[in-house]
A.B. asks: 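The structure under discussion is supplied below as structure tokens; questions concerning it will follow.
Computed from a predicted structure; not experimentally measured. Ligands are counted one by one from 1 in listed order, and the atoms in each one are counted from 1 as well.
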Amino acid sequence: MNKKKIKFATSNPHKVKEANFIGEKYGIEFIQIHIEYPEIRHEDVEVVAKKGVEYVFSKIKEAVIVEDTGLYIEALNGFPGAYSAFVFRKIGNSGILKLLSGVPKNERRAFFKSSVAFSDGKIVKTFNGVLQGRIAEEERGCEGFGYDPIFIPLGYEKTLAEIPALKAEISHRAQAFRNFCEWFSKAVLSAQQS
Ligand code: IMP
């Protein structure tokens with residue numbers, strides 16, 4: 001099958017790999033492009049992603065997606081949320097663990113939200129995925145990236161960094177990309193074929 005290629009503006013190759021794991025099943029290949037875009041200040045990653053894709057489209061004038069993710073920790077009132085990249089750079093996983101020190105297991109609930117935003121100049125559309133879980137007591141595992149070593153998905157005891165094959169199937173990003181691919185293969189690819 002001839003794969004449909006679509007540009008994915010991101011500096012993170014892990015995200016491209018995870019996206020292509022899903023895209024493969026739909027005959028869609030995500031091609032990484034390196035275009036920086038301003039991440040506006042907003043609590044919802046969906047708004048950040050939408051503004052980002054509008055900016056990238058205005059630069060390249062071709063169909064493109066961007067994706068933004070946030071980690072929302074309940075005991076910290078949703079912090080770091082849409083500021084997850086900044087917080088990761090500043091305090092990292094050890095800083096988050098310190099903020100939660102003494103917080104018992106049943107109060108360490110958190111979720112990831114991922115939003116994929118698409119634009120082809122006519123349509124701007126977002127697709128979301130959420131992964132519920134909790135923050136571990138210590139960092140574990142060496143796969144994945146970012147907060148993976150401290151995030152345990154609901155129903156499991158291992159961190160995402162210990163179970164990359166499962167992450168590929170169930171993550172916030174996998175869900176958001178599955179939603180995108182479902183829509184894209186129906187709405188866009190079938191319109192091109194008819
Ligand atoms: P962004 O979507 O690249 O802005 O990511 C925000 C922050 O969350 C960065 O520090 C990423 O490393 C981290 N992050 C994004 N996606 C994931 C993930 O799937 N697992 C763990 N951390 C992530």
A.B. asks: Distance to 0.1 Å, residue and atom name: give those for the protein heavy atom nearest to atom 10 (O) of ligand 1.
C.D. replies: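 Nearest neighbour among protein heavy atoms for atom 10 (O) of ligand 1, to 0.1 Å: Phe88 CB, 3.3 Å.
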A.B. asks: Answer yes if the side chains of Glu29 and Asn20 hold a donor-acceptor pair under 3.5 Å, and no otherwise.
C.D. replies: no
A.B. asks: Please state which protein non-hydrogen atom is closest to atom 16 (N) of ligand 1 and give its distance, to 0.1 Å?
C.D. replies: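 In this structure, atom 16 (N) of ligand 1 has Arg173 NH2, 2.7 Å as its nearest protein heavy atom.
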A.B. asks: According to the interplanar angle, ranging from 0 to 90°, do the rings of Phe118 and Trp183 count as parallel (below 30°), tilted (30 to 60°) or perpendicular (above 60°)?
C.D. replies: perpendicular
A.B. asks: Look at Glu107 together with Arg109 and state whether they make a salt bridge at an N to O cut-off of under 4.0 Å.
C.D. replies: no
A.B. asks: Under 6.0 Å between ring centres, would you say that holds for Phe151 and Phe112?
C.D. replies: yes
A.B. asks: Distance to 0.1 Å, residue and atom name: give those for the protein heavy atom nearest to atom 9 (C) of ligand 1.
C.D. replies: Ala85 CA, 3.7 Å
A.B. asks: Tell me, please: is Phe112 in heavy-atom contact with ligand 1, that is, under 4.0 Å?
C.D. replies: yes
A.B. asks: List the closest protein heavy-atom neighbour of atom 12 (O) of ligand 1: residue, atom name, distance to the nearest 0.1 Å.
C.D. replies: Gly146 CA, 3.5 Å
A.B. asks: Heavy-atom pairs closer than 4.0 Å: do any link ligand 1 to the side chain of Lys167, the backbone, both, or neither?
C.D. replies: side chain
A.B. asks: So, Glu54 and Lys51, do they make that salt bridge, N to O below 4.0 Å?
C.D. replies: yes
A.B. asks: I need the single residue from Glu67, Glu46, Glu43 that forms a salt bridge (charged side-chain N to carboxylate O under 4.0 Å, His left out) with Lys113. Which is it?
C.D. replies: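 Single salt bridge (charged side-chain N to carboxylate O under 4.0 Å, His left out) partner of Lys113 among Glu67, Glu46, Glu43: Glu46.
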A.B. asks: Can you pull out the closest protein heavy atom to atom 5 (O) of ligand 1? Residue, atom name and distance to 0.1 Å, please.
C.D. replies: Thr69 O, 3.8 Å
A.B. asks: Classify the contact between His14 and ligand 1 as side chain, backbone, both or neither, using a heavy-atom distance cut-off of under 4.0 Å.
C.D. replies: neither
A.B. asks: Could you tell me the residue and atom name of the protein heavy atom closest to atom 21 (C) of ligand 1, and the distance to it rounded to 0.1 Å?
C.D. replies: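 So the nearest neighbour among protein heavy atoms is Asp148 OD1, 3.0 Å.
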A.B. asks: If I take atom NZ from residue Lys15 and atom OG1 from residue Thr69, how far apart are they, to the nearest 0.5 angstrom?
C.D. replies: 4.5 Å
A.B. asks: Taking 4.0 angstrom as the limit and counting only heavy atoms of Glu39, give me the atoms of ligand 1 inside it, by number and element.
C.D. replies: 4 (O)
A.B. asks: Could you label the plane-to-plane angle of the Phe180 and Phe30 rings as parallel, tilted or perpendicular, counting under 30° as parallel and over 60° as perpendicular?
C.D. replies: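 Answer is tilted, since the angle falls between 30° and 60°.
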A.B. asks: Which residue owns the protein heavy atom closest to atom 3 (O) of ligand 1, what's the atom, and how far is it?
C.D. replies: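 Answer, as residue, atom name and distance: Lys15 NZ, 2.9 Å.
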A.B. asks: For atom 17 (C) of ligand 1, which of the options Phe145, Phe86, Tyr83, Tyr147 provides the nearest non-hydrogen atom?
C.D. replies: Phe145
A.B. asks: Under 30°, 30 to 60°, or over 60°: which ring-plane class applies to Phe8 and Phe177, parallel, tilted or perpendicular?
C.D. replies: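 Tilted, since the angle between the ring planes falls between 30° and 60°.
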A.B. asks: Report, in ascending order of atom number, the atoms of ligand 1 lying under 4.0 Å from any heavy atom of Ser84.
C.D. replies: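 Selected atoms, number and element: 6 (C), 7 (C), 8 (O), 10 (O).
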A.B. asks: Considering only non-hydrogen protein atoms, determine which one is nearest to atom 4 (O) of ligand 1 and report residue, atom name and distance to 0.1 Å.
C.D. replies: Asp68 OD1, 3.2 Å
